[in-house]
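Report on the following structure.
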Amino acid sequence: KFCPVNGIIYDYSCGFGGRMLGCLASKNSYKYIGCEPCTDTYYNLLQLGSYIEEATKRKGSFEIHNTCSEDLQLKSNSVDFAFSCPPFYGLERYSEEETQSINRYPDYQDWLENYVRPTVRNCYAALKDSGLYGVDITDINWKNKKYALVADWCRIAEEEGFIFEDKYSIISRSRKDDCEGSNTEHVYIFRKGI
């Protein structure tokens, strides 16, 4: 729906590999580019990618960068679709490494300006003119405080030149106690403004 056949998908926050598996197992021959700052997860994603390539008989179908999304600048105009489910500020901790965004930017406003904004900006630069950008995000309660992640993330996306297209609902059973309101999250889709 969001990426042409043989297109390039950039996942700016790989996590444990579910999006990578879906992308590489697709019959649409996508190339997957992922960004994963956690060292252990990075090495496991490389192994997962090798297993998938062995099973699909496709070589060169993925690349993973062991760095932070706010620091990774891909080649301009090279990606068809950028999509991820980034860490929900401090709600999701993947490691204690300095590269974990909450460790780098413990203050929420700092996190927005130094993690979210450059990540969104890097996605915008990497996307082709016809490219779409998606984020799976929801408001959260963390340490007895509410955070309006949706409004803040969408505001930054629009300030960086994206145009809001649509919103899709998904069910998330894993975060229902920490997410604002219910166990429903939304994927927000933006188009690169030109």
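Keep in mind that the numbers below use all heavy atoms, side chains included, and drop hydrogens, waters and symmetry copies.
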> If you draw a 6.0 Å radius around NZ in Lys145, do more than 12 non-hydrogen atoms from other residues or ligands fall strictly inside?
Replying inline: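 No, not enclosed.
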> Is the number of heavy atoms from other residues, nucleotides or ligands within 6.0 Å of CZ (Phe164) greater than 12?
Replying inline: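 Yes, the 6.0 Å shell around CZ holds more than 12 heavy atoms from other groups.
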Grab the two heavy atoms, one from [X] and one from [Y], that are nearest each other, plus how far apart they are.
X	Y	answer
Glu63	His65	OE2-NE2, 2.8 Å
Gly7	Asp80	CA-OD2, 3.1 Å
Tyr12	Ala82	CE2-C, 4.2 Å
Ser69	Tyr115	OG-CE1, 3.4 Å
Ile137	Pro86	CD1-CG, 4.0 Å
Ile156	Val116	CD1-CG1, 3.9 Å

[atom1] of [X] to [atom2] of [Y]: how many Å apart, nearest 0.5 Å?
X	Y	atom1	atom2	answer
Tyr42	Cys14	OH	SG	10.5 Å
Glu165	Arg191	CD	CZ	4.0 Å
Phe2	Leu132	CZ	CG	7.0 Å
Cys154	Glu159	SG	CD	11.5 Å
Phe81	Lys128	CZ	NZ	14.0 Å
Ile33	Tyr10	CD1	OH	8.5 Å

Looking at side-chain heavy atoms only, is the closest gap between [X] and [Y] below 4.5 Å?
X	Y	answer
Thr138	Tyr147	no
Leu149	Ile140	yes
Val120	Tyr133	yes
Leu45	Met20	yes
Cys35	Thr67	yes
Tyr30	Leu24	no
Pro118	Glu113	no

>> Could you see if Tyr32 belongs to whatever hydrophobic cluster contains Val135? Use Ile, Leu, Val, Met, Phe, Trp, Tyr and a side-chain cutoff under 4.5 Å.
In response: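 The answer is no; the residues belong to distinct hydrophobic clusters.
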> Is it true that Leu74 and Ile64 fall in one hydrophobic cluster, defined by side-chain heavy atoms closer than 4.5 Å?
Replying inline: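 No, Leu74 and Ile64 fall in different hydrophobic clusters.
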> Think Lys31 forms a cation-pi with Phe62, using NZ or CZ under 6.0 Å from the six-ring centre and within 45 degrees of its axis?
Replying inline: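 No.
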> Per the side chain to side chain contact (heavy atoms under 4.5 Å, CB included) rule, which among Arg117, Arg155, Lys192 passes with Glu160?
Replying inline: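 By the side chain to side chain contact (heavy atoms under 4.5 Å, CB included) criterion, Glu160 pairs with just one of Arg117, Arg155, Lys192: Arg117.
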Backbone N or O of [Y] within a donor-acceptor pair of the [X] side chain at under 3.5 Å?
X	Y	answer
Glu158	Ile163	no
Ser84	Ser13	yes
Asp11	Gly34	no
Asn141	Asn144	no
Asn122	Leu72	yes

> Which is it for Phe16 and Leu48 under the side chain to side chain contact (heavy atoms under 4.5 Å, CB included) test, yes or no, and what are the steps along the way?
Replying inline: CA-CA 10 Å; Phe16 298 125; Leu48 175 62; over 6 Å; no
>> Between Arg104 and Glu70, does the side chain to side chain contact (heavy atoms under 4.5 Å, CB included) criterion hold? Intermediate values first, please.
In response: CA-CA 11 Å; Arg104 270 184 133 178; Glu70 65 269 32; 2.7 Å; yes
>> Between Asn66 and Tyr43, do the side chains contain a donor N or O and an acceptor N or O under 3.5 Å apart?
In response: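 Judged by distance alone, the side chains do not pair up.
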>> Quick check on the 6.0 Å ring-centre criterion: do Tyr188 and Phe83 meet it?
In response: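 No - the distance between ring centres of Tyr188 and Phe83 does not fall below the 6.0 Å cut-off.
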> Passes side chain to side chain contact (heavy atoms under 4.5 Å, CB included), Asn28 versus Asn6? Steps please.
Replying inline: CA-CA 6 Å; Asn28 288 335; Asn6 298 314; over 6 Å; no
> After noting the C-alpha distance and the side-chain angles of Val79 and Ile9, does the key distance pass the side chain to side chain contact (heavy atoms under 4.5 Å, CB included) rule?
Replying inline: CA-CA 6 Å; Val79 170; Ile9 296 175; over 6 Å; no
>> Once you measure the plane-to-plane angle for Tyr124 and Phe162, does it fall in the parallel (<30°), tilted (30-60°) or perpendicular (>60°) bin?
In response: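 Ring orientation, 0 to 90° scale: perpendicular.
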